[in-house]
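Structure first, then comments.
Reminder, nothing fancy here: chain letters follow the sequence lines and each chain counts from 1.
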Number of protein chains: 2
Amino acid sequence: MRFFIAALLCNLLWMPAAGLAEAEIVTPKMRQTAEKLAATALQDTTAYDLVESLTTEIGPRLAGTEAEARARDWAVKKLKQLGFKNVRIEPFEVPLWQRGVEKAEITSPFPQPLYITTLGGSVATPPEGVEGDLVSFPSLAALQAVRAGSLRGKIVFVDQVMTRTQDGSGYGVAVQKRRETAFAAHKAGAVGALIRSVGTSSHRFAHTGQMKAITDTSVGPSVPSAALSAPDADQLARALSRDEPLRLRLTLTPQTQARAPSGNVIAEIPGRERPDEIVLIGAHLDSWDQGTGAVDDGAGVGIVTGAAKVIMDNLRRAPKRTIRVVYFGAEEVGLVGAKAYAEAHSRELENHIVGTESDFGADKIWRFDTRIAEAKLPVAKAIGDVLLPLGIGPGNNEASGGPDMKYVREAGVPVVTLLQNGWDYFDLHHTPNDTLDKIDPAKLAQNVAAYAAFVYLVAEMDEDFRE
Amino acid sequence: MRFFIAALLCNLLWMPAAGLAEAEIVTPKMRQTAEKLAATALQDTTAYDLVESLTTEIGPRLAGTEAEARARDWAVKKLKQLGFKNVRIEPFEVPLWQRGVEKAEITSPFPQPLYITTLGGSVATPPEGVEGDLVSFPSLAALQAVRAGSLRGKIVFVDQVMTRTQDGSGYGVAVQKRRETAFAAHKAGAVGALIRSVGTSSHRFAHTGQMKAITDTSVGPSVPSAALSAPDADQLARALSRDEPLRLRLTLTPQTQARAPSGNVIAEIPGRERPDEIVLIGAHLDSWDQGTGAVDDGAGVGIVTGAAKVIMDNLRRAPKRTIRVVYFGAEEVGLVGAKAYAEAHSRELENHIVGTESDFGADKIWRFDTRIAEAKLPVAKAIGDVLLPLGIGPGNNEASGGPDMKYVREAGVPVVTLLQNGWDYFDLHHTPNDTLDKIDPAKLAQNVAAYAAFVYLVAEMDEDFRE
């Protein structure tokens, strides 16, 4: 029991392990510099200016579109203007899926239109749509449990509610229905599928999002599928409670093109002593097609760039290690840019000291999570102490690092997550409401400050996060 | 000066005038009955059940459509089931305007779509749309001041912000731009017009609404016109700040049909002593086409009906005067039902003791306004005292009575407004977001309680509100 409490305290307090004194990891001078950079970042408007420019001058930038290409050109120009080195595009290809007509209506007994959005990757209905009786399921699991072919001619509706959480954990649960419903509905013999939006909003916008990754060729056949806004899902639930068969018509005419250009945009602050060692900070440049991608993920683009810019402009000499800023392409449709990056840089990954992506909105960072060697938790503790005055507390050692860190993380690169407050994030997420006015410049600046301090410390210290 | 202060006090405190003692206007027994009715109303669910039924089983019900006709049939059935007498439809005709395609996009230099909604009564563009450089005006007045023909080929944008107010007074100012912009733009030679939505929201839905009344044949020529959501208006303002010509394409294909059926639905609780004397309580049955008309004005339908129902079911005998519930048709397109009512009942109007409409949402009533003879303010004071425990304070003597009271008020019928808190009302108003989940049953019940007390007192008392 005493051992247990001691272990708990050790974990909670990140007590330095033997042989790694905090003051050796982050020297008083380094701490002072990090604090100065954070203070400067709180006053710097680079991040906000970038989001403003990107969302205004480009707007929506769906993976594989001409708009995403314009965004890459915009990025190269901006990163060069800001003074970064080695600015380049690393191109790759991605299938291009684009929404067409999207219409749903109750045809009987209460004729009325419904507000929906086609799910990314959905197949199309015939131009005149499909019509069928609606069958509701309280969960994806309930749909998956029905006998194959038993819903012939029906339209299925998975009416599962997402939980609002600060750490975004509700999403991981809810997103399964977005990924799987169209396939389960096909197995059951249905002609179409609707889900209650993966989101926490009460407005009338449905939340879009990708089904399986657009590059996943292993997936089986599926039916046309769309998300309903929360009020429309409520409406269907009420209409179904009348105990009359509810008939719907669903018309979705998205189109897919096998190959379209995408790419990652990269910029660097070369390290002064160990340029081969890389501190990777990323965000994604693409967005869904209905908002202007301000919160998802223009904010991230602004934050990581703003942080690197503050480091670049306010130090006499560059940090020891290279700071690499990556704007990933084609994140929304299935981490296509993340995979391309991990492949293109596979030989370099062992020299990636740490990776992190800002892709969870624009609210304040409240927690510092890591996924690093247990033995190196004292290093995280030393950094975490510098972040505390920004209102950021210690977290766990199970960080994802952000969506686009998936492949580098799986390849062994240590990652951290500077976790933002996600309480309101899924009110906007993947809806037309994701626009610049939803970003609070002061909260954005807190993010920049945290990234600036973190990135500087890791780029300047001698320690790393591996065994 | 002393006279002024005395007059002010008299006005503020509604001090009884000579000869009209409060206890004679509202006897202690009447007050007790009114309080009991209010208490019962706070527990009664008739109002919410009606809104739930109307918004679910009918949904949107634009004036002149088949859906509005279904709503009238729904109303007749419900009112009879509830036990009202003399339930009938008074039919009239209305032009039918229906939206078609509505698309706006920046074509240069920042191609991207914009979120708009066609204004009710707008003329159509050619099917391929109109394209022109955007010219922004800070106000309707600024647009009206330009030289005739000086904006040939342009698309105009009136970027005037609406003020959020509790009493709704911001709307009266802002709505002028919705009514007048398309006509002023035509005079200036423009090919299309956009306005910042008449609304206070920050979501991405534009607010629709009628231009001039659909029955107004005196209006001059106009251009196709639409409202932008607030974030889109902000986006245009930012895009214009880049000092490059901003080119837009606008495609609107609404259609108008000269005549379609509409009607008012009427139900009564006949008075036991003076059945010819009428206490008129109304709401409107039609709605805009994009929401389900929950807050505008399903709530009003529920409130006035629920109040009358509580009176009908909880008194041993009906009140002395007739209580008449009117569901007006075709309110949104220009008070067509209100005019039809005033014309059909012109001979009866002198026997209308008072009129009031609930058409300002579903939030709590906070103020009791009147428009009655000065000499009868003590009667209002006596009633207002009974409303005070519901959190309703005294207001002014300049009430409109609600939109559909316009013509009966102009014909001399005294009116009152049980004024709801409108702070959030214009976040939802005339958008798809106007759905049932936006109604708080407890707040709705406070409205029913206030109406029940007010209507009972006026129907039972011997006083009236005329000189």
Using non-hydrogen atoms only, which part of [X] is less than 4.5 Å away from chain B: side chain, backbone, both, or neither?
{"X": "A:Arg70", "value": "side chain"}
{"X": "A:Glu66", "value": "neither"}
{"X": "A:Asn433", "value": "both"}

key: Pairwise side-chain contact, B:Gln235 with A:Thr435, heavy-atom cut-off 4.5 Å (strictly under)   =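 Of all side-chain heavy-atom pairs linking A:Thr435 with B:Gln235, none is under 4.5 Å.
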
_Do B:Thr56 and A:Arg242 make a side-chain contact, defined as non-hydrogen atoms from C-beta onward lying under 4.5 Å apart?_
yes

d(B:His203 NE2, A:Phe205 CZ) to nearest 0.5 Å is 7.5 Å

Open item on the list: Run the side chain to side chain contact (heavy atoms under 4.5 Å, CB included) test on A:Arg204 and B:Thr292 for me, step by step, so that the C-alpha distance in whole Å, both residues' side-chain angles and the decisive distance to 0.1 Å come before the verdict.
Closed with: CA-CA 11 Å; A:Arg204 199 101 184 267; B:Thr292 61; 4.2 Å; yes

Are more than 12 heavy atoms, taken from residues, nucleotides or ligands other than B:Gln255, located less than 6.0 Å from that residue's CD atom?
no

Whether over 12 other heavy atoms sit under 6.0 Å from A:Glu128 CD
yes

Worksheet item: Is there a donor-acceptor pair under 3.5 Å between the side chain of B:Lys438 and the backbone N or O of A:Ser202?
Response: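 Yes; judged by distance alone, with no hydrogens or angles, the pair exists.
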
Are the charged groups of B:Glu57 and A:Arg238 less than 4.0 angstrom apart, N to O? no

Given A:Ala67, A:Gly59, A:Pro231, the one with more heavy-atom pairs under 4.5 angstrom with chain B than any other is A:Pro231

Applying a strict 4.5 Å limit to non-hydrogen atoms, the region of B:Ser53 in contact with chain A is both

Whatever's closer than 4.5 Å to a heavy atom in chain A on B:Pro111 counts as both

